[in-house]
Colleague: 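Sharing a structure with you now.
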Amino acid sequence: EAGVTQFPSHSVIEKGQTVTLRCDPISGHDNLYWYRRVMGKEIKFLLHFVKESKQDESGMPNNRFLAERTGGTYSTLKVQPAELEDSGVYFCASSQQLSGANVLTFGAGSRLTVL
Amino acid sequence: AQSVAQPEDQVNVAEGNPLTVKCTYSVSGNPYLFWYVQYPNRGLQFLLKYITGDNLVKGSYGFEAEFNKSQTSFHLKKPSALVSDSALYFCAVRDMDGGATNKLIFGTGTLLAVQP
């Protein structure tokens, strides 16, 4: 089966611009997660979708970040306007079931550089 | 607060020697523990997990990890390192206070460098 696909792999933008990251989860996976790793630090949870509904968005840094999952398939994460501290690698993950023992399948990540 | 600590930013080991990547955790209740690996320009790949049962868990690529409840540790090990094991390793624990989200709390990662 195809894995989790993220696009773009790398984006370089200037402070104040807008960037949209996209994630295509594994087909049939209702659970979709966004995580972020700022350079050298831990990978932090941003939010969780169950199908098209936001189950938990407690990790979203502020209202400059907007995540959507229209139709319960792919998801987008928009940063508007971008700030320098938004630079990092944004990971998307998906899982079929919502079990504590369930393994998340991650994408390769989208590296965001804000200049 | 729940957390995961990986005390070593980098671990250097010679090929053929045993390797250990350390991880300690702090959670409420019984932990669900995971190890993921990130190879250059690749996504996070699942290596192994501990949920319950035998404290020694075997995973992909010859890796294993030992759950030690008294020391709240889950160190990753391999008897004989390969140059191809060089990568960034992340330890994670399920957030037990996270409700129905099943989100993970990650450590800061440990870079493993295996010299030929």
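Quick note on labels: first sequence line is chain A, next is B, and so on, each numbered from 1. All figures in this text were calculated on a predicted structure; none of them were measured in a lab.
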Colleague: Can any side-chain N or O of B:Tyr36 pair as donor or acceptor with the backbone N or O of A:Leu104 at less than 3.5 Å?
Modeller: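 Yes.
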
Colleague: Say whether B:Trp35 and B:Val57 are linked into one hydrophobic cluster, either directly or through other cluster members, by side-chain heavy-atom distances under 4.5 angstrom.
Modeller: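 Yes, B:Trp35 and B:Val57 fall within the same hydrophobic cluster.
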
Colleague: Nearest 0.5 Å, please: how far is CD1 in A:Ile43 from CD1 in B:Ile105?
Modeller: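 If we round to the nearest 0.5 Å, B:Ile105:CD1 and A:Ile43:CD1 are 13.0 Å apart.
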
Colleague: Does B:Leu44 belong to the same Ile/Leu/Val/Met/Phe/Trp/Tyr cluster as A:Val103, with side-chain heavy atoms less than 4.5 Å apart forming each link?
Modeller: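 Yes, same cluster.
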
Colleague: Heavy-atom distance under 4.5 Å to chain A: side chain of B:Gln45, backbone, both or neither?
Modeller: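 When you check distances to chain A, no heavy atom of B:Gln45 falls under 4.5 Å.
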
Colleague: Which residues pass the ring-ring contact (aromatic ring centres under 6.0 Å, His included) test with B:Tyr25, not counting sequence neighbours?
Modeller: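 B:Tyr25: no ring-ring contact (aromatic ring centres under 6.0 Å, His included) contacts found.
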
Colleague: Run the side chain to side chain contact (heavy atoms under 4.5 Å, CB included) test against A:Thr18 and tell me which residues pass, sequence neighbours left out.
Modeller: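 Only A:Lys78, A:Gln80 meet the side chain to side chain contact (heavy atoms under 4.5 Å, CB included) criterion with A:Thr18.
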
Colleague: Mind checking whether B:Val11 and B:Phe74 sit in one hydrophobic cluster, side chains of I, L, V, M, F, W, Y counted as touching below 4.5 Å?
Modeller: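 Looking at the clustering, B:Phe74 is in the same group as B:Val11.
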
Colleague: Is it true that B:Val37 and B:Val114 fall in one hydrophobic cluster, defined by side-chain heavy atoms closer than 4.5 Å?
Modeller: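 Yes, B:Val37 connects to B:Val114 through the hydrophobic network.
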
Colleague: Give, for atom CZ of B:Phe106 and atom CZ of A:Phe91, the distance between the pair rounded to the nearest 0.5 Å.
Modeller: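 Result: 8.5 Å between the selected atoms.
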
Colleague: In Å, rounded to the nearest 0.5 Å, how long is the span from CG of B:Leu104 to OH of A:Tyr33?
Modeller: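 So the gap between those two atoms works out to 7.5 Å.
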
Colleague: Give a yes or no on whether A:Leu32 and A:Phe65 share a hydrophobic cluster (residues Ile, Leu, Val, Met, Phe, Trp, Tyr; joining criterion: side-chain heavy atoms under 4.5 Å apart).
Modeller: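 As far as the 4.5 Å side-chain criterion goes, A:Phe65 and A:Leu32 are connected within one cluster.
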
Colleague: Any non-hydrogen side-chain atom of B:Val4 less than 4.5 Å from a side-chain atom of A:Glu42?
Modeller: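 Side chain of B:Val4 against side chain of A:Glu42, heavy atoms only: no contact under 4.5 Å found.
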
Colleague: Considering only heavy atoms, which portion of A:Arg111 lies under 4.5 Å from any heavy atom of chain B: side chain, backbone, both, or neither?
Modeller: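 For A:Arg111, there is no contact with chain B at all, as no heavy atom is under 4.5 Å.
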
Colleague: At a heavy-atom separation under 4.5 Å, does A:Ser58 approach chain B through its side chain, its backbone, both, or neither?
Modeller: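 Just its side chain gets close to chain B.
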
Colleague: Could you measure the distance from the CZ atom of A:Arg37 to the CG atom of B:Leu88? Nearest 0.5 Å is fine.
Modeller: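 Interatomic distance, A:Arg37 CZ to B:Leu88 CG, rounded to 0.5 Å: 5.0 Å.
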
